[in-house]
Participant: 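One structure, as structure tokens, below. Some questions next.
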Number of protein chains: 2
Amino acid sequence: MITKIDHLGIAVKSIEEALPYYENVLGLKCEGREEVASQKVRTAFFAAGDVHLELLEPTSDDSPIAKFLEKNGPGIHHIAFATDDITGQLAQAKGGGARLIHEMPFAGAADKLVAFLHPKSTFGVLTEFCQGSH
Amino acid sequence: MITKIDHLGIAVKSIEEALPYYENVLGLKCEGREEVASQKVRTAFFAAGDVHLELLEPTSDDSPIAKFLEKNGPGIHHIAFATDDITGQLAQAKGGGARLIHEMPFAGAADKLVAFLHPKSTFGVLTEFCQGSH
């Protein structure tokens with residue numbers, strides 16, 4: 001079952017350039033920064049209530065985020081739902097006709113299990129399920 | 001101060017077509033549907049924790065959502081932050097260099113006061129502030 005929105009992924013060209021907007025214009029506090037080598041991104045996290053905003057900056061031209069920026073420009077990249085049963089959630093999604101990018105959940109950041117649904121099967125919204133503590 | 005994410009606006013061509021995805025694939029419950037004549041949209045709401053997902057379907061070719069769909073296809077349209085002081089929030093945004101679409105908040109759905117920031121000044125994310133009960 002989906003329990004909440006865990007985070008929103010937001011693609012940016014440069015975290016350095018975007019930080020003052022999030023910190024000063026919105027007034028949100030940066031909770032941390034991390035480089036995820038496997039995804040070829042740098043990230044910065046902010047909290048808005050119990051939802052996290054995750055800025056994603058590519059570290060390489062062949063990063064998925066670099067490709068997204070090239071096609072769409074900066075903006076919201078994905079929505080991540082927290083679930084209490086990621087395996088059941090994926091089975092339910094598959095049964096309902098969604099296209100799974102990952103048939104099996106894998107270990108994401110912060111020791112969470114994650115998996116994605118393809119936006120072509122989710123009315124244009126790249127959708128992540130995640131289970132585990134943030 | 002931003003207290004939480006109030007809702008995410010998601011542009012769809014047809015709520016009827018998208019409903020089974022939200023209800024059966026994600027397993028979310030539709031909280032209600034509404035037509036907002038002034039915005040030329042039909043909406044349907046779902047809850048994910050304390051954040052609402054707001055599907056937006058244009059009712060006319062000159063609806064802002066029709067234009068968004070034409071340019072981008074379906075997907076996340078805007079992010080709405082709940083604030084406890086929308087006037088102060090707008091002043092802070094303006095002072096920080098954001099471009100306000102609305103200098104003054106106006107009455108939106110569900111008796112909330114709302115105002116938007118232009119995505120060209122927010123790193124590609126159409127951003128709404130809202131104050132009041134949902």
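Each chain gets a letter, A, B and so on, in the order its sequence line appears, and its residues count up from 1.
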Participant: Among A:A48, A:G75, A:G96, which residue forms the greatest number of heavy-atom pairs with chain B at distances under 4.5 Å?
Facilitator: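 Of the candidates given, the most pairs with chain B belong to A:A48.
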Participant: Could you state whether B:L100 and B:V114 fall into the same hydrophobic cluster, counting links through intermediate Ile, Leu, Val, Met, Phe, Trp or Tyr residues with side-chain heavy atoms under 4.5 angstrom apart?
Facilitator: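 Cluster IDs for B:L100 and B:V114 differ.
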Participant: Got a sec, which hydrophobics cluster with A:V41, joining ILVMFWY side chains under 4.5 Å apart, including via others?
Facilitator: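 A:V36, A:L56, A:I65, A:L69, all in the cluster of A:V41.
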Participant: Taking side chain as everything from C-beta outward and backbone as N, CA, C, O, which of these in A:L53 sits under 4.5 Å from a heavy atom of chain B? Side chain, backbone, both or neither.
Facilitator: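 Just the side chain, heavy atoms under 4.5 Å.
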Participant: Here's a test: name every donor-acceptor pair under 3.5 Å between chain B and chain A, with the distance for each.
Facilitator:
unit_1: B:T3; atom_1: O; unit_2: A:G49; atom_2: N; d: 3.4
unit_1: B:N24; atom_1: O; unit_2: A:Q92; atom_2: NE2; d: 2.9
unit_1: B:L26; atom_1: O; unit_2: A:Q89; atom_2: NE2; d: 3.3
unit_1: B:G49; atom_1: N; unit_2: A:T3; atom_2: O; d: 3.4
unit_1: B:Q89; atom_1: NE2; unit_2: A:L26; atom_2: O; d: 3.3
unit_1: B:Q92; atom_1: NE2; unit_2: A:N24; atom_2: O; d: 2.9

Participant: When rounded to the nearest 0.5 angstrom, what distance separates CG in B:L28 from CZ in A:F81?
Facilitator: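 Between atom CG of B:L28 and atom CZ of A:F81 there are 6.0 Å.
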Participant: What option among B:G27, B:A18, B:A98 has the most heavy-atom pairs under 4.5 Å with chain A?
Facilitator: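 Highest number of heavy-atom pairs under 4.5 Å: B:A18.
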Participant: Got a second to check how far A:I76's CD1 is from B:I79's CD1, nearest 0.5 Å?
Facilitator: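 If we round to the nearest 0.5 Å, A:I76:CD1 and B:I79:CD1 are 5.0 Å apart.
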Participant: Would A:F68 end up clustered with A:I15 when hydrophobic side chains under 4.5 Å apart are linked, directly or stepwise?
Facilitator: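 A:F68 and A:I15: separate clusters.
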Participant: Please classify the contact between B:I10 and chain A as side chain, backbone, both or neither, with a heavy-atom cut-off of under 4.5 Å.
Facilitator: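 For B:I10, the contact with chain A is made by the side chain alone.
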Participant: Which residue out of B:V51, B:L126, B:L55, B:V125 racks up the most heavy-atom pairs below 4.5 Å with chain A?
Facilitator: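 Going by pairs under 4.5 Å, I would pick B:V125.
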Participant: Please report the interatomic distance CG(B:L26) to CZ(A:F129), rounded to the nearest 0.5 Å.
Facilitator: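 So the CG of B:L26 and the CZ of A:F129 are separated by 5.0 Å.
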Participant: Report the distance from atom CG of A:L8 to atom CG of B:L8, rounding to the nearest 0.5 Å.
Facilitator: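 The distance works out to 5.5 Å.
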Participant: Check for me, please, whether B:F45 and B:L19 land in the same ILVMFWY cluster - side-chain distances under 4.5 Å, paths through other members count.
Facilitator: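 No, because B:F45 and B:L19 fall into different hydrophobic clusters, even though each may have its own neighbours under 4.5 Å.
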Participant: Against chain B, label A:L117 side chain, backbone, both or neither, depending on which of its atoms sit under 4.5 Å from a heavy atom there.
Facilitator: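 Interface part for A:L117: side chain.
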Participant: If you group Ile, Leu, Val, Met, Phe, Trp and Tyr by side-chain heavy-atom gaps below 4.5 Å, do B:F123 and B:F116 land in one group?
Facilitator: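 No, because B:F123 and B:F116 fall into different hydrophobic clusters, even though each may have its own neighbours under 4.5 Å.
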